[in-house]
Amino acid sequence: METPLVMTETELRACLAVLARHGGRLDEDGGGLVRLEGGALQFSGFDAEGDLVKVIGDLRVACHVLFELAQAGQMAILPDSGDGLVTSKETLARAQQLEDELGGPVVVVDDAEALATALEAECERARAYSERAARGG
């Protein structure tokens, strides 16, 4: 039986096609980088269950590809804090079955701008933490 948020082979292939269209690819361990004008998405352990995607640089630029990727794989985006995010009502229905495991509510974002707005505070916290760590504080 398939877990609701595990991508099907078709969804995973669609995600890999999105990455390729934007000049990215994954290594055998699911790691990789998609370089964008003003930003990047860095992947770690990406497979049918998704995994870690790090936004580097311009959040709004990166969210255009991240939104497209989430649509292709019908994935939930789970920031460290705040609501889980999905890109369609169909994915919302799948995610709501796992809300307890996901750690809270899941909401639909309609486009890349809404995704960026929803992730903005999380990214600012991560940037501030990185800057403090770089200064040794």
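A quick note: this is a predicted structure, and the numbers were derived from the prediction, not measured.
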Do the side chains of [Y] and [X] get nearer than 4.5 Å, heavy atoms only?
X    : Y   : value
L119 : R60 : no
V34  : F43 : yes
L36  : V65 : yes
V18  : F67 : no
Q71  : S88 : no
V106 : L92 : yes
R35  : H22 : no

Non-hydrogen atoms of [X] and [Y] that approach each other most closely:
X   : Y   : value
V86 : A95 : CG1-CB, 4.2 Å
G84 : P79 : CA-CD, 4.4 Å
T91 : Q74 : CG2-O, 3.2 Å
D47 : M7  : O-CE, 3.1 Å
E11 : T8  : OE1-N, 2.9 Å
I77 : A70 : CD1-CB, 3.9 Å

With rounding to the nearest 0.5 Å, note down the distance linking [atom1] in [X] to [atom2] in [Y].
X    : Y    : atom1 : atom2 : answer
C123 : E120 : SG    : CD    : 8.5 Å
L33  : S44  : CG    : OG    : 12.0 Å
D51  : M75  : CG    : CE    : 11.0 Å
D110 : K89  : CG    : NZ    : 8.5 Å

Counting heavy atoms not belonging to R125, are there more than 12 under 6.0 Å from its CZ? yes

Indicate if V6 and L52 have the same hydrophobic cluster label, given that clusters are the connected sets of ILVMFWY residues with side-chain heavy-atom separations under 4.5 angstrom. no

Are V61 and I56 joined in one hydrophobic group, where the rule is that I, L, V, M, F, W and Y side chains link up if heavy atoms are under 4.5 Å apart? no

Is there a donor-acceptor pair under 3.5 Å between the side chain of D29 and the backbone N or O of G31? no

